[in-house]
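Notes to accompany the following structure.
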4 protein chains.
Amino acid sequence: MGNSLGKVFTITSLGESHGDCIGIIIDGCPAGLPINVDEIQREVDKRKASARRLATARGEPDQIEIFSGIFNEHTTGAPICLIIWNKNIDSSEYDRMIDLPRPGHADYPARIKYGGFNDYRGGGRFSGRITAGFVMAGSVARKLLSLIGIEVLAHTIEIGGIAAQPQDPADIVKNSRLNEVNCADPVAAAKMIQAIEQAGREGDSLGGIIEGMALNMPVGLGEPVFDTLEGDLAKAIFAIPAVKGVEFGAGFAAARKKGSENNDPFVIKDGKIVTLSNNSGGILGGLSNGMPLIVKVAVKPTPSIAKSQATVNLKTRKSVTLDVKGRHDTCIVPRAVAVVESMLAITLCDFAIRAGLIPRVIK
Amino acid sequence: MGNSLGKVFTITSLGESHGDCIGIIIDGCPAGLPINVDEIQREVDKRKASARRLATARGEPDQIEIFSGIFNEHTTGAPICLIIWNKNIDSSEYDRMIDLPRPGHADYPARIKYGGFNDYRGGGRFSGRITAGFVMAGSVARKLLSLIGIEVLAHTIEIGGIAAQPQDPADIVKNSRLNEVNCADPVAAAKMIQAIEQAGREGDSLGGIIEGMALNMPVGLGEPVFDTLEGDLAKAIFAIPAVKGVEFGAGFAAARKKGSENNDPFVIKDGKIVTLSNNSGGILGGLSNGMPLIVKVAVKPTPSIAKSQATVNLKTRKSVTLDVKGRHDTCIVPRAVAVVESMLAITLCDFAIRAGLIPRVIK
Amino acid sequence: MGNSLGKVFTITSLGESHGDCIGIIIDGCPAGLPINVDEIQREVDKRKASARRLATARGEPDQIEIFSGIFNEHTTGAPICLIIWNKNIDSSEYDRMIDLPRPGHADYPARIKYGGFNDYRGGGRFSGRITAGFVMAGSVARKLLSLIGIEVLAHTIEIGGIAAQPQDPADIVKNSRLNEVNCADPVAAAKMIQAIEQAGREGDSLGGIIEGMALNMPVGLGEPVFDTLEGDLAKAIFAIPAVKGVEFGAGFAAARKKGSENNDPFVIKDGKIVTLSNNSGGILGGLSNGMPLIVKVAVKPTPSIAKSQATVNLKTRKSVTLDVKGRHDTCIVPRAVAVVESMLAITLCDFAIRAGLIPRVIK
Amino acid sequence: MGNSLGKVFTITSLGESHGDCIGIIIDGCPAGLPINVDEIQREVDKRKASARRLATARGEPDQIEIFSGIFNEHTTGAPICLIIWNKNIDSSEYDRMIDLPRPGHADYPARIKYGGFNDYRGGGRFSGRITAGFVMAGSVARKLLSLIGIEVLAHTIEIGGIAAQPQDPADIVKNSRLNEVNCADPVAAAKMIQAIEQAGREGDSLGGIIEGMALNMPVGLGEPVFDTLEGDLAKAIFAIPAVKGVEFGAGFAAARKKGSENNDPFVIKDGKIVTLSNNSGGILGGLSNGMPLIVKVAVKPTPSIAKSQATVNLKTRKSVTLDVKGRHDTCIVPRAVAVVESMLAITLCDFAIRAGLIPRVIK
């Protein structure tokens with residue numbers, strides 16, 4: 001229950017971190033979209049690539065397989081099943097920790113909820129690895145959105161308290177994939193990398209903030225009062241492990257502004273109705289207003305750290321000290337950038353199809 | 001499309017600001033819950049009461065009517081329809097502004113999306129008045145949650161940049177309804193009221209931050225990977241007009257912490273497994289961990305202000321100056337407190353029924 | 001739970017037979033459809049009219065009220081709430097029978113399911129009166145379908161074992177509303193009326209068969225493998241109390257044919273691809289094939305009869321004889337014709353919108 | 001779109017007849033159910049076995065693989081992905097027929113709906129082979145239902161007009177898997193087999209009727225007014241290719257009875273409330289009444305026949321004669337028995353979980 005997302009462009013997630021595979025089913029993809037396995041693979045690889053040096057990439061590249069829904073290199077209208085096999089798995093560490101819930105992880109509530117039957121190895125369903133499925137679906141969604149001109153991108157704007165300088169969207173597109181932290185500000189990026197390396201040496205971890213954007217937005221995407229653009233995007237983004245906050249446009253800063261400062265005045269520019277400022281993040285009343293959609297996503301520091309931590313043995317119910325071993329990203333923010341991008345694309349795709357902007361057959 | 005929320009405890013919203021009524025349908029409420037119209041009325045009144053002096057309450061109190069689903073003062077298991085009639089409506093101002101989209105409001109994207117057929121009077125479906133339906137549903141949800149001991153509350157923690165001092169949950173329960181701003185810190189509350197009055201005199205408006213809490217939470221509520229506790233709560237809360245940000249526990253501040261600071265260590269206290277700190281806001285992996293659930297909600301300043309604003313005439317496509325007249329809340333934060341509380345209750349109720357914690361018949 | 005139907009054109013039912021009202025909410029209706037209360041009223045009245053003489057119509061005509069979603073005589077894109085008030089209710093008979101479940105009625109399982117809290121008066125949620133809401137929604141759906149040329153109709157083809165002669169669709173359209181039983185064959189209709197009157201005199205009741213049709217169908221409506229045209233139509237039709245069987249095209253008779261007899265050969269006629277016969281009822285693989293959609297619906301005899309029946313007192317758990325008093329239709333088939341028509345229209349509307357055939361704004 | 005079924009026990013279908021695989025995802029299965037791949041394999045094999053001699057079983061047995069959701073031979077609460085690989089595929093015949101829609105098949109409407117992008121080989125998504133996924137899901141559902149005592153079974157009651165004599169449920173359980181047609185009446189079974197062989201020799205095909213049953217039903221399953229037991233079962237069953245009619249209890253025969261004949265009187269038997277007859281098929285008002293649930297399913301004759309048929313070339317739009325080659329079941333009824341059983345189990349499982357009868361963790 002709870003493993004499907006989207007009303008007409010629906011993704012269903014499956015797989016566990018140390019199980020056989022990670023997969024995603026896309027139901028509701030229009031027929032006729034040209035796409036093949038190499039293209040999806042390339043997209044997924046590209047999005048992961050920059051983040052690789054700092055991260056704990058498993059030994060070999062994740063090989064994508066298409067199980068269904070694509071025929072003659074086009075979508076067929078049938079459910080698309082995309083799979084990545086899990087390889088090079090060593091679960092011994094997790095057997096040792098089976099009764100020792102890791103602070104900041106889902107171990108404890110998952111154990112209670114599923115009566116101990118959940119696959120705890122590598123965090124099971126709660127591992128960041130699950131998001132590989134989201135990124136595969138995102139690559140299909142991005143291609144569909146490109147048909148109506150919508151461009152989705154995400155980039156790192158803060159790590160460990162080090163904030164990037166604001167950049168123009170054009171510069172973000174150009175510069176955000178040039179460094180390991182997916183940050184468009186090269187100066188800040190260098191400092192972020194240093195901070196991550198320093199935290200790693202200390203056996204600690206860092207969090208940060210990712211900004212997601214959608215450009216060339218049509219006016220009127222969203223289905224209020226409940227299926228608002230903000231609400232459905234937030235729901236999709238909170239499916240990314242470690243996300244603890246989501247804000248649109250000025251977000252929490254808007255709470256400190258006056259109405260006269262926060263309202264975005266309408267003007268005509270190049271014959272189009274636009275707003276002078278974009279405190280709304282491109283969303284009014286849960287609907288897109290045609291301005292760039294801006295969302296900021298708070299990512300907590302990786303809960304897996306090398307430092308000793310206090311926890312409780314669930315069997316003996318005694319306090320114990322936990323030492324988590326093994327490879328773990330010091331900072332997952334750079335890797336989460338592609339996932340934020342994917343959740344944006346998947347959600348906008350659902351809304352665009354609901355609005356009738358993407359036809360059921362692509363010609 | 002998009003006017004229903006929840007998977008098994010499902011609410012459907014109807015009505016427009018200046019139409020005949022505002023209503024809510026609750027489908028999936030267990031049978032046998034003792035409740036009557038006076039109790040719902042009292043609950044709704046109580047939640048609105050403290051905020052009344054600063055607000056633009058319409059001339060007479062909203063009278064709730066039960067249309068279906070309650071019989072002999074108990075829920076029957078059938079859809080519960082609750083209605084409030086709209087009265088004392090003057091829509092003349094909106095006819096004057098029909099082609100002048102108000103900055104910060106949904107007027108412009110709604111006009112495009114619905115081809116001009118939407119009921120624009122008073123903002124129509126995009127008015128804060130729609131949330132009266134949410135509060136009616138919330139009163140039923142709160143009563144259901146009380147059966148399993150869950151207590152839901154919300155309070156103002158910041159208005160116009162004036163922040164309340166942190167308080168214990170017990171003090172929040174005791175003190176948050178003693179002033180017009182629903183703030184548990186009386187010193188900050190006094191300053192907030194002054195700030196609102198000052199902004200009102202300037203023809204301007206203020207935003208703020210509301211904190212929602214749920215106490216006595218069971219472990220394991222939430223249905224990851226997509227129906228996470230954070231995701232579904234955020235979606236529900238973003239249905240409240242003017243909300244632009246949602247964060248759980250440390251939220252955006254977690255992004256600036258180290259893992260060793262942000263992880264909440266597990267300990268045994270009074271025979272129960274708890275965490276020493278609560279940076280997670282009571283949620284790990286999208287599941288409740290038994291600690292108090294904490295969510296913070298950023299509310300933008302009311303977009304309706306008395307000051308002149310720049311907009312565009314949608315017919316002539318010329319820039320014009322807009323002067324919005326009529327009564328408008330200088331700050332809707334105090335009134336939104338009850339709505340945040342309601343969205344929390346409604347969402348937790350859905351999860352509690354999905355988890356089998358609330359039976360289908362209450363005995 | 002379970003009171004909403006449809007994926008993008010969604011109806012939600014509310015109300016009880018002897019409660020305040022019967023209502024329906026339509027969410028997902030495109031904006032801009034011209035419609036007003038008189039038109040809906042006329043449609044609903046017309047559909048009921050012919051069946052009136054044989055039936056137990058309450059004392060005064062049902063007055064429809066629009067609560068939301070229609071503004072300036074056009075749909076707005078917001079949820080449409082349509083209500084009929086219940087009047088002239090006498091529930092005393094039901095209080096007498098509270099512990100005596102009527103054979104053939106839902107009394108017994110409803111009592112168990114809802115723990116005795118359900119509104120039992122007049123059958124509550126299980127009364128045929130609930131379908132008044134379906135017919136109101138159907139009138140909106142029919143108008144939407146008319147925009148793309150689809151015409152939906154239903155008529156009686158059998159009552160009490162008396163079968164109508166097969167008729168051409170054109171004759172069915174012309175003749176099926178000329179008599180009290182909504183049967184296009186006047187000779188059979190006369191016999192049906194006699195049979196109903198005879199059964200009524202005997203204190204008994206009759207069932208029958210209704211045929212639903214949709215003409216000018218586009219090719220490809222339906223969303224297999226689960227949301228098939230047959231499956232979703234059947235589900236919608238089984239929501240009508242007393243329906244016990246649904247078949248498409250040759251239906252159960254197809255089970256007795258050979259493949260060479262049952263397959264409908266494709267031919268070109270007037271430049272269009274059609275089938276020579278229509279054993280498929282216009283549906284292949286769960287998709288419309290452009291031929292007339294044909295569904296047959298078995299309606300059981302009204303369970304309320306004047307004859308004495310055996311039942312059990314649920315409190316004493318002793319066998320008792322039950323005499324049901326009050327007005328009851330001897331045969332509900334004629335009145336159910338409009339409901340079958342409505343469920344057809346509602347379901348086809350949902351599929352047509354999902355297929356992108358009806359735009360989100362009608363211009 | 002349309003490839004998921006069920007509200008809380010949800011199955012999602014994937015795969016094509018001549019694609020890589022056929023699969024099913026089960027979301028919402030409680031954790032802790034003991035089950036392993038051999039058990040599912042055995043269940044699926046057993047259900048297919050009896051029908052094999054008459055059928056076109058592919059060269060090697062279908063090997064089931066578990067991809068996710070089962071760990072240490074218990075369900076984990078995560079999505080269960082079950083896959084069968086397609087092997088021994090020869091699609092050359094279908095390339096030849098690409099422009100020649102087969103009468104009685106989905107070829108024509110599928111071509112129009114999906115713009116020619118659908119995988120047409122072997123019927124693609126419209127092949128009976130898709131139901132292998134349903135049977136895999138059914139084996140999990142049956143095991144869940146067995147925890148609360150519900151037993152689901154199906155058997156052939158008619159083929160080619162040859163009807164079985166009615167049998168007691170106990171005899172049906174005992175005898176329905178003893179012959180190739182899954183019919184509990186051995187005399188009729190022998191005649192059915194002869195009829196199938198005769199039709200095969202003539203290059204023709206036969207249809208028939210399957211009866212599904214559920215024994216030891218609890219009272220009150222179903223969620224009216226729309227999610228009725230009849231409606232949701234019918235929808236699930238119509239997902240089986242070739243099904244054209246569904247009736248419950250007396251079904252279409254009820255339409256010819258009088259109320260006094262059709263009503264099932266309540267009596268006390270062995271301290272339980274039961275009905276003397278079971279014309280309702282165990283369902284009143286869309287709710288189970290505790291009596292055996294009885295559904296009859298009309299299966300049309302296999303549309304693939306060896307005889308020449310008339311069709312239209314979709315490119316040239318000329319009439320042509322079509323000769324379909326290759327192996328095809330002369331009668332799919334025997335093989336569909338296990339699928340009817342599965343759809344019954346899947347749907348009842350969804351309702352049982354919704355009703356809270358099956359807990360979220362099996363202990």
For C/Asn72, is it the side chain, the backbone, both, or neither that has a heavy atom closer than 4.5 Å to a heavy atom of chain B? neither
Can you list the steps and then say if B/Asn3 with C/Asp27 is a side-chain hydrogen bond (donor to acceptor under 3.5 Å, both in side chains)? CA-CA 7 Å; B/Asn3 292 285; C/Asp27 192 21; 2.8 Å; yes
Out of C/Leu14, C/Ile26, C/Thr75, which one racks up the most heavy-atom pairs below 4.5 Å with chain B? C/Leu14
C/Ile362 portion near chain B, given a 4.5 angstrom heavy-atom threshold: backbone
If one checks every heavy atom of B/Ile66 against chain C at 4.5 Å, the contacting part turns out to be backbone
Quick one: what part of C/Ile80 sits under 4.5 Å from any heavy atom of chain B, side chain, backbone, both or neither? neither
Below 6.0 angstrom between ring centroids: does that apply to B/Phe9 and B/Phe351? no
Quick one: do the C/Ser13 and C/Arg125 side chains pair a donor with an acceptor below 3.5 Å? yes
With a 4.5 angstrom heavy-atom cut-off, could you sort out which part of C/Thr12 is near chain B: side chain, backbone, both or neither? side chain
Given B/Ala78, B/Gly32, B/Gly116, the one with more heavy-atom pairs under 4.5 angstrom with chain C than any other is B/Gly32
Counting heavy-atom pairs under 4.5 Å with chain B, the top scorer among C/Arg360, C/Lys113, C/Glu65 is C/Arg360
Between C/Glu43 and C/Arg142, is a salt bridge (charged side-chain N to carboxylate O under 4.0 Å, His left out) present by the stated rule, with each step listed? CA-CA 10 Å; C/Glu43 270 282 294; C/Arg142 286 168 59 93; 3.3 Å; yes
Ring geometry between B/Phe67 and C/Trp85 (parallel below 30°, tilted from 30 to 60°, perpendicular above 60°): perpendicular
So which of C/Val361, C/Asp119, C/Val8, C/Ile25 has the largest heavy-atom pair count under 4.5 angstrom toward chain B? C/Asp119
Before you tell me yes or no, could you show the steps for B/Arg335 and B/Val339 under side chain to side chain contact (heavy atoms under 4.5 Å, CB included), namely the whole-Å CA-CA distance, both residues' side-chain angles and the distance that decides it to 0.1 Å? CA-CA 7 Å; B/Arg335 298 225 287 182; B/Val339 192; over 6 Å; no
Within the 6.0 Å centroid threshold, strictly below: B/Phe126 and B/His105: no
